[in-house]
Amino acid sequence: MKLCVSILTPIILTLFISTPTLAQAPAPMFMPPTPAPAPAPHYVNLTDLLSVAGPFQTFLNYVVQTKVIDTFQNQANNTDQGVTLFVPKNSAFTALKKTTFSNLTEEQLKSLLLYHGFPKYYSLAEFKNLSALNPVSTFAGGQYTVNLTYDMGTVRVASMWSNPNVTSSVYSTRPVAVYEVNKVLLPLQIFSTDPPLAPAPAPAPESSKPSDLAPKASSTDSNPKSTDSESSAHVVSTSYLLSWVLLGGIMLML
């Protein structure tokens, strides 16, 4: 009997102590769902933009060939600063001789292309204040600067040998601004003299009808042979009459 009591006593004490502990156990915690990651920022693909936005294929070919497009794109993805590009139309390149660019070194060509951009976003309205800070540095750095003028909404970007104006806003949403210009920017650091222009195309010959070129005969010249014959006959008749008059005068004198 004592043995049973001695065995049951620790068991009862254990149950008595553990029961309140189990009753007071905290409820399981439910963690809130993990929020979805923020969407990646939308970047403007400059290659796609220039290929469809206007007649910029020549400029696009140059920046892709020299990998300058990578510099522009990396800056475009930097939303803190952004990028501003001045893109010449195809006709701006054809206005210059082909040797203007073929004679440049690879570094000179890169500098020329970098000269067409600012490492910061500027809207058209901001050019008014920016022009007061002339000269303005470009991507090319160093002395590769331009002078901006803003006159009643018209923006001009002046380099040493050209003074193009912004003809349209191709794309302007922060952090990317792309503006069309009608001339290629030509810095003094690359061109010591004014680059020659391409020869102007010869004017097309004007078509003329044969009737327009041939002289028109007047009514008095419509029958020149008959006129000559009538004149000769008149001279002969006059001479014959004069002979008879002289002959009659001689006979009277006799």
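In this structure, the side chains of Asn147 and Val136 stay at 4.5 Å or more apart for every pair of heavy atoms.
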Report, one line per pair, each donor and acceptor closer than 3.5 Å where one atom sits in a side chain of residues 60-68; sequence neighbours left out.
| residue | atom | partner | partner atom | Å |
| --- | --- | --- | --- | --- |
| Asn61 | OD1 | Gln57 | NE2 | 3.0 |
| Asn61 | ND2 | Gln57 | O | 3.3 |
| Thr66 | OG1 | Tyr62 | O | 2.8 |

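Checking each of Val178, Leu46, Thr58, Val181 against Val87 for a side-chain contact (heavy atoms from CB on, under 4.5 Å) leaves exactly one that passes, namely Val178. Applying side-chain hydrogen bond (donor to acceptor under 3.5 Å, both in side chains) to Gln73 and the options Asn77, Thr71, Asp70 leaves one that passes, Asn77.
Ring geometry for Phe93 against Phe101 counts as tilted: the plane angle lies between 30° and 60°, on a 0 to 90° scale. In this pair, Phe127 and Phe86 present their aromatic rings tilted. The plane angle is within the 30 to 60° band.
With values rounded to the nearest 0.5 angstrom, Asn103 atom CG is found 11.5 Å from Leu109 atom CG.
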Could you walk me through whether Phe59 and Asn90 satisfy the side-chain contact (heavy atoms from CB on, under 4.5 Å) test, starting with their C-alpha distance in whole Å, then the side-chain angles of each, then the deciding distance to 0.1 Å, before giving a yes or no? CA-CA 7 Å; Phe59 182 81; Asn90 293 338; over 6 Å; no
Evaluation steps, ring-ring contact (aromatic ring centres under 6.0 Å, His included), between Phe118 and Tyr179: CA-CA 12 Å; Phe118 295 151; Tyr179 301 112; 9.5 Å; no
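Remark: side-chain polar atoms of Gln108 are not paired, donor with acceptor, to backbone N or O of Ile190 under 3.5 angstrom.
Tyr121 and Ser172 are linked by a side-chain donor-acceptor pair at a separation below 3.5 angstrom, with hydrogens and angles left out of the test.
Listed by first and then second residue, the side chain to side chain donor-acceptor pair (under 3.5 Å) pairs involving residues 153-171 are Ser159-Ser162, Asn165-Asn182, Thr167-Glu180 (not counting sequence neighbours).
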